[in-house]
> 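Below is the structure I would like to discuss, written out as structure tokens.
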Amino acid sequence: MAGVSAPSPMDEKAKRTRDLLASFYTNNSNTGSGALSSPATASNLTPRTASSLDSINSSSFDPSSYMSLLVQKSNLENLLQKHVQMAAEIKNLDTDLQMLVYENYNKFISATDTIKRMKSNINGMETNMEQLLAKITSVQSKSDSVNTSLFEKRGHIEKLHRSRNLLRKVQFIYDLPSRLNKCIKAEAYADAVRFFTGAKPIFEAYGDSSFQECKRASEEAINTVIQNLQGKLYSDSEPIEARAEAVVLLKQLNFPVDNLKTSLLEKLEDCLLKLEDESKDVSVGEISKTFRAYLIIFPDSEQRLIELAQGLFSRRYDAARDQLKKRMPSVDLLELLRTIWEDVTAIDQVLPEAALPAFSLESMCSIIKQHILIAFSHLQHEISDAVAGSQSKSNEGKEERDLQIVLENGKKVVMQGSLDLLVEFQQFFDEKLELLPKLKELITDWVQEGFQEFFQNLEKHFLILSGSSTNNGPLGESSASDHLTQSPDKLPTGLVLVMSQLAVFIEQNVIPKITEEIAASFSGGGVRAYEYGPAFIPGEICRLFRSAGEKLLHLYINMKTRKISVLLNKRFTTPNWIKHKEPREVHMFVDLLLQELEGVGIEVKQILPCGVVKRHRHSDSAGTASTNSSRSHPNVTREDKLASSNTQRARSQFLENHLAKLFEQKMEIFTKVEYTQESVIATVIKLCLKSLQEFVRLQTLNRSGYQQIQLDMEFLKAPLKQLVDDDDGAIDFLLKEVNNAAHERCLDPIPLEAPILDKLISAKMAKNRDHSAIPL
Amino acid sequence: MQGGSTGIVYGGLKYQARCIADVRADLGHTSFLAGTLSLKEENEVHLIRLLPSGNEIVCEGLFYHQNEIWDLKSCPYDYRILSTVYTSGETYGASIWKIPELSTQSNSPQLEQLVSLDEHTAKIKSVLWWPMGKHDKLVTIDERNIFVWNIDSSNKIAKVISQESVGMLHNFSGGAWDPHDRNAVAAICDSSLQCWDLRTMKNTNAIGHAHIRDVDYNPKKQHIVATAEDEFGIRLWDLRMSKIPLKELPGHSHWTWAVRHNPEYEGLILSAGTDSTVNLWQVGTGSEDSTLDSPQSRRIRQIDPLLNSYTDYEDSIYGIAWSSQDPSVFASLSYDGRVVVESIKPYTQRK
């Protein structure tokens, strides 16, 4: 449109101008909007119509209504003002229009001028063009003539050039030997090989005729090259790159490199073998370097190298396993494993394809597992040594003193040994070795399994030691000779007791402790399938040892009673009871019996705890107070007891009822054995007395025989009570039962009179006192 | 496991007693013979019968027997014939008796002595009948000798046909006759069990180092015996492999006195002991409890072999007997003279 190129200050103005022009050209297009505001509706003007009335620039502007509205609305002053404003605006618009017309006219004039100038310029061009064409044709003809004149000479030059090149090549071939030698001198083998391979096709084509001499010479030279290269390859001192290059060159010369490779690898293998023999002479670092070199030198040798590396480490692990066979501390094992592992990582960096870590993991697994197993079996040996080994050392008199020591030793070995093992295995976890954390669960399982098996084996071992689970020669009860021949297989009875107590100790102390420790540091695991549950089941082991302890205790009691039974059997089967002589003294079998029982007492007292006095069976027993008091005052012994028994005698009626009640309640003699001195001794005594009763029942006695038994039993009362508190009256009862049995089996049961009985007993006691006084 | 007082008690024996025997030949009745052991009084033999209702025992006959009875056996083919071994003071003897007609039971008749087996020079221990039926021979064992008699009970003749001494070093204390082999007798010696062949009268086999109180052949399986021992409780042996027992059972808290196989139910064993209990054991089941029972299979069987322990006794029990008429019934005799008849039905049905 118009040349309104002025920026923003002129914007307002330009816009208005454009609008005005636009409204001018499109006058009739939209007048409808202004017709809306008819004079009829002017009285109630809406703001919209008012505004449209105001907008003087819109196309629907109605000057007459605008006027009337203005006149109605404004006062004179306003009208005057409006008038001035409008007059100014009109003037402005006038000048704007003038400016527009002027500008357009100017442009028109300058366009006319330009057209005129163009016309005059084109007139001279035609002649210039014709001149130019003539000149170009002349140049072309001249160049053609030159070309034809030079053509012959150019062909000749080309020929000359070709023959020169050929000559140069021939020269090269002839120079080759000397050049090669020069290269050899300069050790530029690469160049030599390049030259030779370059010349090779020629030698192949013409080597037999014209270049024979030359070929031989250069082949000689190249042989030297090959030799040198081989030497280079074999020498370890050369840098790896040089050696690799040598191999490449040799290969280019079609030299059989594979032979070289195998020979080199064999050398390496020898070297590795030597490494094991004179361990540590060659460090693994060097080996790994060699490996890397070979890997670079012979890229296709990897398979072989892998084999070599695996062979090396499997030998290392085998060696470690060999060392395992003797018990070694975990620390040493770890040290060993660590060195191997370091070597493995070193080689692994060079040779990752060998999968050495996986291989090591496997090997370590088995080694550690084996280690754990060995550790446990070793511990078992230690324990059995502690228990059974002492037997050989202290065979005779010392043995009894040693029982307690043996027990303590056994306890210590079991407890300390197990804990030590745990601590030792703990080291596997503390170790920084990279592999071990992976094995943690496995190790946990192994340790748990190890303990489980260890305790199971220990229990079996105990039973085998005690001879109760095997049939190694039952003892002939009646024949002492049998007893002697069988005894070497058996442990001393005391040791059975020791093992029994040890089993209890394991059940009550060791297992809980171990369980605790395992829970603390070896929990988890769970590599094992879930249906198997945890590997270490303390409940099961406890049960095992509880029953083992009981078994051993019973075995002990059995062994003891059997011995006494032999004694009793002799006593009752040898004499002719029907022709028994009048009793003159207490029979000496009583001494033997008491001696055996005391032996039991001595053994038992060393090992078993002193039991609390059990009253629950007969809490209303008359003897309670007296036995307790005699217990608390060890100095006040038999007199007090006799006194208390006197008070008991006063209540004999009660006692008899009591005994009758006992009888009705069935005998108390087969009560459960407890792990106390009293319980064991009492059980042995009860069983012996019961046997005594049964032996008596098998005989037929005359009066004297009956009296003898009466006397013996009467005598036994006091010493038996000394051995153990007869707190439930069972021993009294059984002594009486023996008496009763004798009474029943007697043809003429008239008991000895009390004074004679007393006299004989006190005589015996006096004799015993003398007897015991002498050795003291 | 503790048996209550389920048994039927017969308290008719007035004195101590050791011997009770099943009356095998009394067809149709569950009967037992029991003999007393009293030094001073006149002893009795009671023929007792379990009524068909199964809950009452009656005394079918009471016969006086002058001397105390240490061994009592019923003839396996004639219910009216029985044998006793007795002592009186220093004297001893063994006889075969015939029970008089039962119609005169009211006045306690004397037993009719058929034969007195009085060739013995040492204390007689036991009289053995061949347990499976009629056989014209009888074996007696005294402390030193083993006798084989030819018996003709109808003519009241007994003849010793062979005799062998065991030697001075040993004492016999009892024995059992192999039900599978009429020529084999197991005799209990001091420290062994000896098997005798009655044809040659030679000791053919022995289980050594065993102090045995009682022995019983398995009536269903040849070569298998059970022994009751002081040390090892009850052990089962195959006589062909006498080194190692097939099985061991713990036995009793004190001596195991007697052991008996059930005549019908395989593997059921009854034992009695001086701890006043009778134990019922179950060893193995059926055919797998074979003679070639390997140690492995023994170990596998972890079940408690003790089926029940009958504890309702007040004194040592020396006599037990299964009834061959009703194999689910046994009688036990404690020293105080009480006979208790128990049914093991609850345990046989459980299988």
Side-chain angles (χ1 to χ4, degrees), chain A residues 468-483 485-486 551 554-555 557-559 561-562 565-566 569 573 576-579 663-667 669-673 683 686-691 693-695 697-702 737 740-741 743-749, chain B residues 2 15-16 18 37-40 67-68 70 87-92 123 143 169-171 173 189-192 207-213 227 229-233 235 243-248 250-255 257 273-277 295 299 311-316 318 335-336:
Chain A
S468 70
S469 64
T470 54
N471 303 307
N472 54 347
L475 300 182
E477 184 187 292
S478 56
S479 52
S481 59
D482 270 4
H483 188 95
T485 54
Q486 301 293 333
K551 239 183 243 172
H554 281 123
L555 183 72
I557 291 170
N558 264 352
M559 289 164 94
T561 45
R562 203 176 302 152
S565 212
V566 174
N569 191 38
T573 47
N576 187 342
W577 287 95
I578 293 178
K579 291 177 178 163
F663 189 75
E664 276 162 20
Q665 278 181 344
K666 280 181 62 81
M667 281 180 234
I669 56 170
F670 305 115
T671 50
K672 191 171 167 356
V673 188
T683 309
K686 283 173 191 172
L687 285 173
C688 289
L689 290 178
K690 180 67 187 171
S691 302
Q693 179 197 7
E694 294 296 337
F695 278 124
R697 277 185 182 174
L698 288 171
Q699 305 299 331
T700 308
L701 317 168
N702 64 1
E737 279 287 287
N740 287 347
H743 189 272
E744 280 161 17
R745 297 303 309 160
C746 179
L747 294 164
D748 183 19
Chain B
Q2 295 297 304
Y15 314 114
Q16 277 92 24
R18 277 176 185 269
L37 184 81
S38 170
L39 263 183
K40 296 136 211 168
N67 303 311
E68 51 175 359
W70 287 87
T87 65
S88 166
E90 274 182 277
T91 62
Y92 47 83
K123 195 170 174 186
E143 279 183 340
L169 288 173
H170 299 285
N171 282 320
S173 59
C189 204
D190 272 342
S191 61
S192 63
I207 295 169
H209 307 301
H211 191 79
I212 294 168
R213 296 229 171 254
T227 57
E229 297 169 50
D230 284 0
E231 299 162 37
F232 292 98
R235 295 206 280 185
K243 297 278 179 247
I244 302 164
L246 296 177
K247 270 200 177 59
E248 293 188 14
H252 292 256
S253 331
H254 198 238
W255 299 347
W257 192 269
T274 50
D275 59 350
S276 314
T277 54
R299 209 158 296 147
T311 57
D312 195 23
Y313 302 94
E314 282 160 19
D315 208 336
S316 305
Y318 302 111
Y335 191 59
D336 54 7

> Just to verify, what does Q699(A) make a side chain to side chain donor-acceptor pair (under 3.5 Å) with, not counting sequence neighbours?
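Expected list: none.
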
> Given side chains that start at C-beta, do those of Y335(B) and E694(A) come closer than 4.5 Å, heavy atoms only?
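Answer no - side chains too far apart.
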
> Under 4.5 Å heavy-atom distance to chain A, tell me which part of Y318(B) shows up: side chain, backbone, both or neither.
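The answer is the side chain of Y318(B).
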
> With only heavy atoms counted, which part of L698(A) is less than 4.5 Å from chain B, the side chain, the backbone, both or neither?
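The answer is both parts of L698(A).
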
> Going from CD on Q693(A) to CD on E737(A), what distance comes out if it is rounded to the nearest 0.5 angstrom?
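Interatomic distance, Q693(A) CD to E737(A) CD, rounded to 0.5 Å: 5.0 Å.
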
> Considering residues at least two apart in sequence or located in another chain, which fulfil the side chain to side chain donor-acceptor pair (under 3.5 Å) criterion with N171(B)?
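Checked N171(B) against side chain to side chain donor-acceptor pair (under 3.5 Å); matches are R144(B).
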
> Which bit of D748(A) comes within less than 4.5 Å of chain B, counting heavy atoms only: side chain, backbone, both or neither?
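Looking at D748(A), nothing touches chain B.
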
> Under 4.5 Å heavy-atom distance to chain B, tell me which part of T561(A) shows up: side chain, backbone, both or neither.
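No part of it gets close to chain B.
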
